Amino acid sequence: MRQVLFFRDPGFAKCPNCQSVNSLHRSRARSAKEKLIQVTKLYKMYRCKGCGWRGALATIILTKKMLKLLFMYIVIALVSGVIIREILKRFLAA
Ligand SMILES: [Zn+2]
């Protein structure tokens, strides 16, 4: 799973509002909704010191390539599960 999920630090990302780089700073969650967002660890609250924009940014990027890889893992896990079950069934029946 570690290869599939790629964590990033949105603090180094561009501001979604004014596009300035290195202007984002971690912001404290104010409302209950924002605290809930923070708890998931998928989003963190940020504030732009340039334009005053404030919002949640994703800390995980899931690319198409990563999704494909994740799908492959699930398929392999399911197929090997079925095969093992069939082998065990035959083994126990004999
Ligand atoms: Zn900004």
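Note that the coordinates shown come from a computational prediction; the quantities given were computed from them, not determined experimentally. First listed ligand is number 1; within each ligand, the first listed atom is number 1.
- Through direct or relayed side-chain contacts under 4.5 Å between Ile, Leu, Val, Met, Phe, Trp and Tyr, Ile87 connects to Phe71, Val75, Val79, Ile83.
- Other members of the cluster containing Ile84 are Leu88, with ILVMFWY side chains joined at under 4.5 Å, either directly or via other members.
- By the rule that hydrophobic residues join a cluster once side-chain heavy atoms approach within less than 4.5 Å of another member, Leu70 and Leu78 end up as members of one cluster.
- Distances under 2.8 Å from the Zn ion (ligand 1) pick out the protein N/O/S atoms Cys15 SG, Cys18 SG, Cys48 SG, Cys51 SG.
- Salt-bridge annotation for Arg54 and Glu34: present, with a side-chain N of the basic residue lying under 4.0 Å from a carboxylate O of the acidic one.
- When side chains are defined from C-beta on, Leu24 counts as touching Leu57, because their heavy atoms get closer than 4.5 Å.
- Note on residues 58-68: no pairs pass salt bridge (Lys or Arg N to Asp or Glu O under 4.0 Å), not counting sequence neighbours.
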